[in-house]
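Supplied in structure tokens, the structure appears directly below.
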Amino acid sequence: MILSIIEQGFIALPLLLGAYLIFSLLKLPDLSLESSYLFGAVVAFFAKELPFPLVLLSAMMGGVCVGATVSIFNQFLRIPFLLAAIITNGLFHGFIVYLIGGGFLSFHYQLPMQELLCLFLVGLALLCSMWIFFRSQIGYSFAIYGNNPCFFRSHPISERYVVVTGVIVGHAFAGISGFFFTQSNGFIDITIHFGVVLMCLTALMIGKLLIRSVSPNILLPLVGIVIYFFLQQGLLRLGLNLKYFNTFQALCVLGALLISKRKNSLSLDHLGV
């Protein structure tokens with residue numbers, strides 16, 4: 001059980017890092033993260049004859065394509081972000097179905113080393129990269145944008161640059177997770193991305209409950225995803241049917257939102273607001 005949780009955690013870690021960047025720091029309603037997860041796997045499939053670093057890069061580029069598309073719709077065509085993400089999902093759904101020729105594709109790829117070790121090394125590299133990234137000026141800019149987007153309008157910093165960079169990086173990471181998930185399972189299914197955003201929200205809320213930090217902190221998604229899979233495996237062992245797990249996640253997110261809203265209301269009452 002522990003080994004399975006660790007493996008699942010490392011597969012989902014790049015996705016959670018990307019979701020943390022987009023949902024928690026930039027605070028953008030980016031539902032198109034699901035398309036990056038699937039499209040990254042599809043692009044990696046077509047590059048599977050290449051060496052592993054290039055296959056991994058291909059998965060990232062698949063995510064980048066989705067991130068660039070939603071960014072163009074939002075930042076250049078001035079379409080509201082949620083609507084831009086929905087349009088992007090629709091466009092890539094049809095494109096992916098066309099590429100794979102239906103709803104299912106067998107995907108067998110031999111990693112250059114033992115799977116868990118490979119996942120660990122890639123995860124460690126991403127964590128170190130994000131740790132350095134979050135301590136740079138652009139890294140702090142993400143947190144500033146999420147809390148106060150108007151800040152950039154009165155300072156010589158490009159709001160568009162911050163948003164586009166954050167979205168593209170987040171989607172590139174999601175593509176990596178999609179590749180690892182499909183490689184581990186041996187197939188690509190047109191439905192594998194369903195519930196990805198809900199999983200990210202649940203794991204990030206768990207992380208926020210356990211780690212309080214006003215600045216970007218890579219421990220938050222890391223802790224969140226580990227606890228998430230521990231809870232998932234525990235519930236499955238207690239007899240919860242997996243097909244109802246998304247419903248359980250949705251109820252958890254709803255409960256966390258209601259508790260957070262209640263706490264904020266009490267704080268305002270205490271201040272006399």
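Residue numbers run from 1 in the order of the sequence given.
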With a cut-off of 3.5 Å and sequence neighbours excluded, list every side-chain donor-acceptor pair involving residues 15-30.
unit_1 : atom_1 : unit_2 : atom_2 : d
Y20    : OH     : N217   : N      : 2.9
K27    : NZ     : S24    : O      : 3.1
D30    : OD1    : S32    : N      : 3.2
D30    : OD1    : S32    : OG     : 2.4
D30    : OD2    : H171   : NE2    : 2.6

- Task: Could you pull out all residues at least two apart from F180 that satisfy ring-ring contact (aromatic ring centres under 6.0 Å, His included)?
- Result: none
- Query: Quick one: side chain to side chain donor-acceptor pair (under 3.5 Å) pairs with a partner in residues 81-103, sequence neighbours left out?
  - Reply: S35-N89
- Query: With L105, which residues qualify under side-chain contact (heavy atoms from CB on, under 4.5 Å), at least two apart?
  - Reply: F45, I100, I188
- Would you call L91 and I87 a side-chain contact if the rule is heavy atoms closer than 4.5 Å? yes
- Query: Can you list the residues that meet the side chain to side chain donor-acceptor pair (under 3.5 Å) rule with Q249, with sequence neighbours excluded?
  - Reply: Y228, N246
- Task: Carefully, step by step, assess F95 and F39 under the rule ring-ring contact (aromatic ring centres under 6.0 Å, His included).
- Result: CA-CA 9 Å; F95 186 45; F39 193 55; 5.8 Å; yes
- Task: Decide if atom CZ of F187 counts as having more than 12 heavy atoms of other residues, nucleotides or ligands within a radius under 6.0 Å.
- Result: yes
- Note on the structure: d(F134 CZ, I132 CD1) to nearest 0.5 Å is 12.0 Å
- Message: Using every non-hydrogen atom in the two residues, find where F107 and A41 come nearest and quote the distance to one decimal.
- Response: CE2-O, 4.1 Å
- Can you name the residues that form a ring-ring contact (aromatic ring centres under 6.0 Å, His included) with F46, not counting sequence neighbours? none
- Look only at the side chain of T182 and the backbone of F179, and say whether a donor-acceptor pair between them is shorter than 3.5 Å. yes
- Item | For the student: nearest non-hydrogen atoms of E34 and G195, plus distance | OE2-N, 3.5 Å
Give every donor-acceptor pair under 3.5 Å between a side-chain atom in residues 108-123 and any protein atom, sequence neighbours left out.
unit_1 : atom_1 : unit_2 : atom_2 : d
H108   : NE2    : S106   : OG     : 3.1
Y109   : OH     : F52    : N      : 3.4
Q114   : OE1    : L116   : N      : 3.0
Q114   : OE1    : L117   : N      : 3.1
E115   : OE2    : S184   : OG     : 3.1

- Only pairs at least two apart or in different chains count here, so list each side chain to side chain donor-acceptor pair (under 3.5 Å) that has a residue in residues 121-134. none
- Task: Go through the structure and list residues passing ring-ring contact (aromatic ring centres under 6.0 Å, His included) with F133, not counting sequence neighbours.
- Result: F142
Donor-acceptor contacts under 3.5 Å from residues 55-75 side chains, at least two apart:
unit_1 : atom_1 : unit_2 : atom_2 : d
S58    : OG     : L54    : O      : 2.7
T69    : OG1    : C65    : O      : 2.7
S71    : OG     : G67    : O      : 2.7
N74    : ND2    : I79    : O      : 3.0

- Item | Euclidean distance, I11 CD1 relative to I6 CD1, rounded to 0.5 Å | 12.0 Å
- Query: Can you name the side chain to side chain donor-acceptor pair (under 3.5 Å) partners of D189, sequence neighbours left out?
  - Reply: T191
- Task: Taking side-chain contact (heavy atoms from CB on, under 4.5 Å) as the test, write out the residues that go with I86, two or more places apart.
- Result: L31, L82
